[in-house]
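The structure appears right after this line, and notes come after that.
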Amino acid sequence: MMIRYMTSYFLSQRYKTTALVVSLSIYFAVLLIAFVLLRAIPDIAALPLKSIGVQTIVQKTGEIPEQMIGVVFPHSNAPISEEEYQKLSALEFTESAEAVLFFWFFDESYFKAVSGIKPESDVAKLIIDNSPNTVDSLRLNDAIITSSLSERQNLAIGDNIVIGHMTFIVRDVLEKHPSANIVASDIYISFQSAFDLATASPQITNLYSDISQTVGNVVLLKTNPSVMVDKETAVKDINKKLIVFSEQSFTEEVNDQLALVSNAGQTLLGIVGTLLIIAFCLLVFYNLKTRETEIATLRKIGWKLADLRLQFGAESAIILATSLLLGNVMAFIGFQYLKQTTIELALPWDITAKPHFLMEENAIDRTIEAALPVNYEPIIAVLASGAMFAFFISISLLIFQQLKNIKPYDMAK
Amino acid sequence: MLRLENINKQFKGQQVLNSLSFEIKKNEMISIMGRSGSGKSTLLSIMAGLQAPDSGSIVFDEKQLGVLNEESLASFRLHNIGFVFQDFLLMPSLSVYDNIYIAAHPRKDIAKTIKHQRVTDLIEKVGLASKAKQRIDKLSGGERQRVAIARSLVNKPKLVLADEPTGNLDASTADDIMSLFRSLHSSIETSFVIITHDEHIATLTDKTYQLTNGSLQ
């Protein structure tokens with residue numbers, strides 16, 4: 001390979017060469033970003049639930065309460081039985097499970113969403129970790145409330161809150177909502193207290209006679225991401241009334257927001273890729289056609305076909321290598337930008353259970369904002385570069401078979 | 001050194017070479033004349049192994065060219081034949097130096113330093129030392145032909161085939177080029193075959209043949 005011959009050719013064709021290099025590099029960068037985004041969709045879709053340390057939430061469709069008075073279960077929070085809980089815990093993808101008892105409480109002037117949490121549960125740890133006054137556990141009459149409730153109902157540490165037949169003392173006010181609006185409670189109390197309140201509620205006992213057997217009405221599952229099964233189907237097999245929220249629930253929404261990896265985006269990438277391959281082939285072919293005299297001259301003066309293939313192959317290799325290098329730089333910059341980009345995911349009403357008939361509660365922000373969990377991954381970049389290089393160089397070598405058809409005696413004197 | 005025996009060649013249905021036999025000896029400088037379309041360039045192509053004759057044999061240093069495949073013929077030309085063309089056929093994007101070097105590039109048996117030395121010496125000999133780094137498209141026709149001549153000699157060939165080397169040059173430049181041929185011929189052991197339609201050019205060679213009706217006279 002004669003390097004100066006190659007560089008002088010590039011310089012003489014600088015606009016064409018630059019256009020090709022830039023097109024290839026942009027396409028590569030877009031392709032790499034799309035691929036990483038595509039791989040990241042499950043991670044992105046898992047963000048809402050990940051914020052409370054779980055991957056899947058299971059609830060159960062129940063009945064609409066006759067009256068919204070006192071302690072009631074929202075209709076998407078029917079009691080889950082011990083047997084169902086054990087089956088959920090034994091699912092192939094389940095690593096651990098914990099139950100929460102969630103209810104609404106209506107008194108004469110206010111509405112409150114309340115969660116009863118078990119002291120050893122991860123949710124309890126999350127609440128306690130976010131507790132500014134480091135409340136170390138929830139006793140029977142303890143309550144931790146959100147700052148939002150504190151503002152709305154003018155409640156402070158040490159104040160009493162009456163829920164049903166029980167009175168709770170506010171032990172702390174959470175500055176930041178720890179559950180990121182999932183199972184968006186205003187008040188966290190001990191599971192035992194929540195259970196006592198639920199079993200004493202006529203609205204609940206009228207609808208669910210077996211309430212005393214329940215382990216909770218929201219089951220939070222930590223799952224093993226390497227077990228690739230359809231979680232919804234697996235959970236529905238236990239009881240068709242069970243409803244599941246997992247990364248699968250958000251995948252479609254993520255797809256919609258990431259236009260690049262949507263079906264339309266993928267189709268567009270495919271079309272652009274095909275056009276680029278055609279353009280590359282035409283350019284290599286055109287390159288040979290316009291250099292026929294040059295090639296014939298080289299063959300006349302003793303260049304073998306192998307020498308020519310090496311020379312022109314090296315030209316293609318340099319163009320591809322430069323494009324891929326530039327493409328990687330572009331992709332790296334693209335990833336830095338994407339890391340700053342946030343994606344908004346709207347949570348379904350069912351897991352932000354708030355009574356939509358109360359205007360104030362209906363106005364709750366149900367969106368979760370999260371930075372895209374994407375990074376420039378060197379291994380993927382190297383593999384993708386290698387694959388693209390191999391693909392285009394194979395095309396070039398295939399086209400270089402035409403060299404033998406350029407006979408040394410055909411050309412001008 | 002090069003012997004053509006009973007060469008026949010048809011081109012577009014016409015018998016261009018007709019039982020042509022001919023020999024070029026070592027260090028000879030000959031010219032071949034003929035009218036346009038008489039088959040001069042075809043003859044030159046056959047001598048160089050660029051085209052195969054319909055019949056007859058070509059023997060170069062007692063080796064038959066007819067038995068060689070395309071790649072072996074390329075190697076044969078690389079080691080034994082230098083070319084000078086009417087249209088120069090240089091690489092416009094390359095410098096004077098690189099246009100000469102390109103002919104030596106495929107020679108794996110010659111070290112780069114030797115190639116460099118040869119190129120530099122030839123640039124000096126053809127009088128272009130001050131323009132070694134200039135691009136070809138900045139040179140005049142005569143200068144370009146000098147580069148082409150230097151290129152034809154870089155591999156120290158046994159035979160240089162020049163097809164109308166002065167065809168695109170004015171009379172004065174053509175004389176300069178022929179003087180260069182003569183001076184190079186006297187200093188190196190290479191045979192020259194110059195194809196021309198210009199009688200004046202032909203008189204500057206040792207021997208002149210006329211290609212008529214497919215035969216040399």
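The analysis underlying the following values was restricted to heavy atoms, covering all of them including side chains, and did not include hydrogens, waters or symmetry mates. Below, read A as the first sequence line, B as the second, and so on, with proteins coming before strands; counting in each chain starts at 1.
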Nearest 0.5 Å, please: how far is OG in B:Ser93 from CD in A:Glu294?
6.0 Å
B:Glu70: which of A:Lys404, A:Lys407, A:Lys304 passes side-chain contact (heavy atoms from CB on, under 4.5 Å)
A:Lys407
For atom NZ of A:Lys16, decide whether the heavy atoms of other residues, nucleotides or ligands shown that lie under 6.0 angstrom number more than 12.
yes
Looking at A:Asp307 and B:Lys108, is any side-chain nitrogen of the basic one under 4.0 Å from a carboxylate oxygen of the acidic one?
yes
Heavy-atom count check: over 12 atoms from other residues, nucleotides or ligands less than 6.0 Å from A:Phe389 CZ?
yes
Smallest separation among heavy atoms of B:Leu89 and A:Thr297, with atom names:
O-CG2, 3.4 Å
Under a 4.5 Å heavy-atom criterion, the part of residues 50-67 of chain B in contact with chain A comprises B:Leu50, B:Gln51
Segment of B:Lys112 engaging chain A (4.5 angstrom heavy-atom cut-off):
neither
If we only count heavy atoms from C-beta on, is the A:Lys300 to B:Phe85 side-chain gap below 4.5 Å?
yes
Using a 6.0 Å cut-off, check whether atom CD of B:Glu199 has over 12 heavy atoms from anything other than its own residue.
no
So, do A:Leu305 and B:Glu71 sit near enough that their side-chain heavy atoms are less than 4.5 Å apart?
yes
Please say whether more than 12 non-hydrogen atoms of neighbouring residues, nucleotides or ligands are located less than 6.0 Å from CD in B:Gln15.
yes
If the condition is salt bridge (charged side-chain N to carboxylate O under 4.0 Å, His left out), which residues does B:Asp198 pass it with, not counting sequence neighbours?
none
Counting only heavy atoms from other residues, nucleotides and ligands, does the tally under 6.0 Å from CG of A:Leu11 exceed 12?
yes
Please report the interatomic distance CZ(B:Arg135) to OG(A:Ser12), rounded to the nearest 0.5 Å.
6.5 Å
Which of residues 94-106 of chain B have a heavy atom under 4.5 Å from any heavy atom of chain A?
B:Leu94, B:Tyr97, B:Asp98, B:Tyr101, B:Ile102, B:Ala103, B:His105, B:Pro106
Do any pairs count as a ring-ring contact (aromatic ring centres under 6.0 Å, His included) and have a residue in residues 278-301 of chain A, sequence neighbours left out, and if so which ones?
A:Phe280-A:Phe392
B:Arg151, part contacting chain A, at a heavy-atom distance under 4.5 Å:
side chain
